[in-house]
Structure formats: structure tokens, C-alpha cells
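Worksheet: the structure to be examined is printed underneath.
Reckoned from all heavy atoms, side chains included, excluding hydrogens, waters and symmetry mates. Note that the structure is a prediction, hence the values are computed from the model and not measured.
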Amino acid sequence: MYKRQGVWGTGSVAQAPTLVSATPGGSTSATQTFALTGRDTNGFADIQRFYFLVNGNAFIPAGSCHGFYDRASNTIFLYNDALSAVTGPLTPGATGILSNGQCAINGAGSSATASGTDVVLNMRITRHGSYATGLRNLYVWITDAANTGTGWVPASSWTL
């Protein structure tokens with residue numbers, strides 16, 4: 001038994017999603033396809049979004065490579081340089097590119113699949129502008145329908 005919002009019930013309690021895997025663990029290429037596997041024990045349909053951030057740390061400054069994949073609409077969005085608006089939508093597998101001053105997301109080089117408890121997101125990202133050199137990390141934050149999430153998880157290191 002569990003207690004949820006003042007009501008006793010039976011069954012499973014909603015669990016936060018997890019980042020199961022991210023490959024590659026490190027990259028030295030300006031363009032890289034990252035394979036991210038998110039898992040939710042309540043089923044893949046409970047996963048709401050994969051937020052991504054390419055930065056030196058898990059803070060989101062203006063002028064960063066930051067966006068999200070929305071599972072229900074199967075679309076990717078990228079924040080502009082000022083973090084004041086998103087560009088998109090871009091459907092994984094479709095022709096098109098989302099770009100800001102730091103990175104570009106290639107739709108044709110990206111894909112998303114879901115089954116059972118897992119969502120696998122493959123995102124093709126190119127670093128450019130002020131992000132063209134140096135160490136950056138790929139961070140991922142996965143949320144579910146109850147708005148619980150993983151927090152920022154370091155998924156890969158990326159050095160150019």
C-alpha cells in the first residue's frame with residue numbers, strides 16, 4: 001500500500017525516470033550523434049521530456065547549447081542565444097536543422113524510438129561559434145508526466 005495525496009491505495013508508486021545510458025562517453029569530433037536511453041518503470045509513455053545542455057557545467061547561461069526533446073509530439077526544440085525563446089519544432093528523422101550561436105541539431109541525423117519502459121533518443125549535434133573549441137559536457141535531464149526528473153546528469157564529455 002502507498003499513500004498519495006492523502007488517499008491510501010494499492011499498486012505501484014510513480015517512479016522518477018532515469019538516464020540508463022549515453023554513448024559515446026566522450027567525443028573529439030565537432031559533429032557527434034549521441035544515443036541517450038531514458039527509462040521509466042511506469043512505461044515509456046510516462047516520459048515527458050529529455051532536456052539537454054552542452055556546457056562546461058550544469059548551469060544554463062545565455063549563449064549556451066540548450067534545448068529539449070518532447071516525447072509526446074516527437075519533436076526537438078533549441079533555445080535561442082538569449083534563452084528567451086525556442087526554435088523548432090524539428091522532428092527526428094526529418095530534413096531540417098535547428099541552430100543557435102553555439103550548436104546545431106540535425107533532424108535527418110537524429111531519431112527517437114520508444115518501447116516498453118525505454119525511450120532512445122539519438123541526437124546529431126554540431127558545435128560551432130564560441131563552442132567550437134575546448135571542453136564541454138553533455139548533460140541530460142529527463143522528466144515524466146508527474147514532473148519528477150533526474151536532475152542534470154553528466155552524459156558525455158566533449159573536447160575539441
Side-chain angles (χ1 to χ4, degrees), residues 11-27 29-55 58-129 131 136-158:
S12 63
V13 176
Q15 300 292 314
T18 58
L19 178 65
V20 176
S21 67
T23 58
S27 178
S29 174
T31 299
Q32 181 64 57
T33 301
F34 293 97
L36 309 169
T37 302
R39 179 168 294 152
D40 193 309
T41 58
N42 301 304
F44 77 83
D46 197 45
I47 292 176
Q48 182 180 16
R49 289 189 173 163
F50 280 67
Y51 290 92
F52 61 90
L53 171 65
V54 177
N55 198 29
F59 295 101
I60 308 168
S64 61
C65 179
H66 174 48
F68 61 90
Y69 166 73
D70 183 79
R71 188 214 39 88
S73 64
N74 189 37
T75 52
I76 299 170
F77 296 86
L78 181 66
Y79 286 94
N80 65 7
D81 290 337
L83 300 175
S84 59
V86 293
T87 58
L90 176 65
T91 302
T95 301
I97 293 176
L98 298 177
S99 185
N100 67 16
Q102 288 60 243
C103 68
I105 311 298
N106 181 310
S110 301
S111 65
T113 57
S115 70
T117 58
D118 295 357
V119 174
V120 178
L121 174 63
N122 295 293
M123 271 199 322
R124 187 146 182 90
I125 306 174
T126 300
R127 286 171 48 177
H128 58 251
Y131 275 41
R136 301 284 190 264
N137 298 307
L138 172 65
Y139 296 93
V140 177
W141 186 321
I142 303 171
T143 62
D144 65 11
N147 232 5
T148 58
T150 59
W152 286 117
V153 177
S156 182
S157 63
W158 199 359

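Partner I76 forms a side chain to side chain contact (heavy atoms under 4.5 Å, CB included) with one of F50, F52, F68 and no other, that one being F52.
N55 places none of its side-chain heavy atoms less than 4.5 Å from the side chain of I60. A 4.5 Å side-chain heavy-atom check between T75 and T91 finds at least one atom pair inside the cut-off. Side-chain contact check for I125 versus W158: some heavy-atom pair is nearer than 4.5 Å. With a 4.5 Å cut-off on side-chain heavy atoms, S64 and L83 count as touching. With contacts defined as side-chain heavy-atom distances shorter than 4.5 Å, the pair N137/P154 does not qualify. Looking at T87 and N100, their side chains never come closer than 4.5 Å, going by heavy atoms from C-beta outward. Residues L53 and Y79 are not in side-chain contact: their nearest non-hydrogen atoms beyond the backbone lie 4.5 Å or more apart. Side-chain contact between L98 and P89 is absent, with no heavy atoms from C-beta onward closer than 4.5 Å.
Scanning all heavy atoms of the two residues, the minimum distance from G149 to W141 falls at CA-NE1, 3.9 Å. In plain terms, the two heavy atoms of P17 and T148 that are nearest each other are CD-O, 3.8 Å. Residue P24 comes nearest to S156 through the heavy atom pair O-OG, 2.9 Å, listed as atom of the first residue, atom of the second, then distance. What you find for A114 and V119 is that their closest heavy atoms are CB-CG2, 4.0 Å. What you find for A58 and W152 is that their closest heavy atoms are O-CD1, 3.5 Å. The minimum heavy-atom distance linking T31 with T126 is given by the pair OG1-OG1, 2.8 Å.
Atom-to-atom distance recorded for Y139:OH and T150:OG1 is 13.0 Å, nearest 0.5 angstrom. Atom CZ of residue R136 and atom OG of residue S27 lie 14.0 Å apart, to the nearest 0.5 angstrom. Once rounded to the nearest 0.5 Å, the distance linking CG of L138 with CE of M123 reads 6.5 Å. Summarising the geometry, atom CG belonging to L90 is positioned 8.5 Å from atom CD1 belonging to I97; distances are rounded to the nearest 0.5 Å.
With sequence neighbours excluded, the residues that form a salt bridge (Lys or Arg N to Asp or Glu O under 4.0 Å) with D70 are R49. Considering only residues two or more places apart in sequence or on other chains, R127 meets the salt bridge (Lys or Arg N to Asp or Glu O under 4.0 Å) condition with none of them. Partners of S21 by side chain to side chain contact (heavy atoms under 4.5 Å, CB included), not counting sequence neighbours, listed by chain and number: T37.
Sorted by first then second residue, the ring pair (Phe, Tyr, Trp, His ring centres under 6.0 Å) pairs that include residues 97-125, not counting sequence neighbours, number zero. Within the structure, every pair that satisfies the salt bridge (Lys or Arg N to Asp or Glu O under 4.0 Å) test and touches residues 31-42, not counting sequence neighbours, is listed here: R39-D118.
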Original post:
Are Q15 and N42 close enough, and set up right, to give a side chain to side chain donor-acceptor pair (under 3.5 Å), and what steps lead you there?
Top reply: CA-CA 7 Å; Q15 300 292 314; N42 301 304; over 6 Å; no
Original post:
Can you check side chain to side chain contact (heavy atoms under 4.5 Å, CB included) on L121 and R71, steps first, answer last?
Top reply: CA-CA 9 Å; L121 174 63; R71 188 214 39 88; over 6 Å; no
With a 3.5 Å cut-off and sequence neighbours excluded, list the donor-acceptor pairs that the side chains of residues 104-111 form with protein atoms.
from : atom 1 : to   : atom 2 : distance (Å)
N106 : OD1    : A108 : N      : 2.9
N106 : OD1    : G109 : N      : 2.7
S110 : OG     : N106 : O      : 2.7
S110 : OG     : R124 : N      : 3.1
S111 : OG     : N122 : ND2    : 3.0

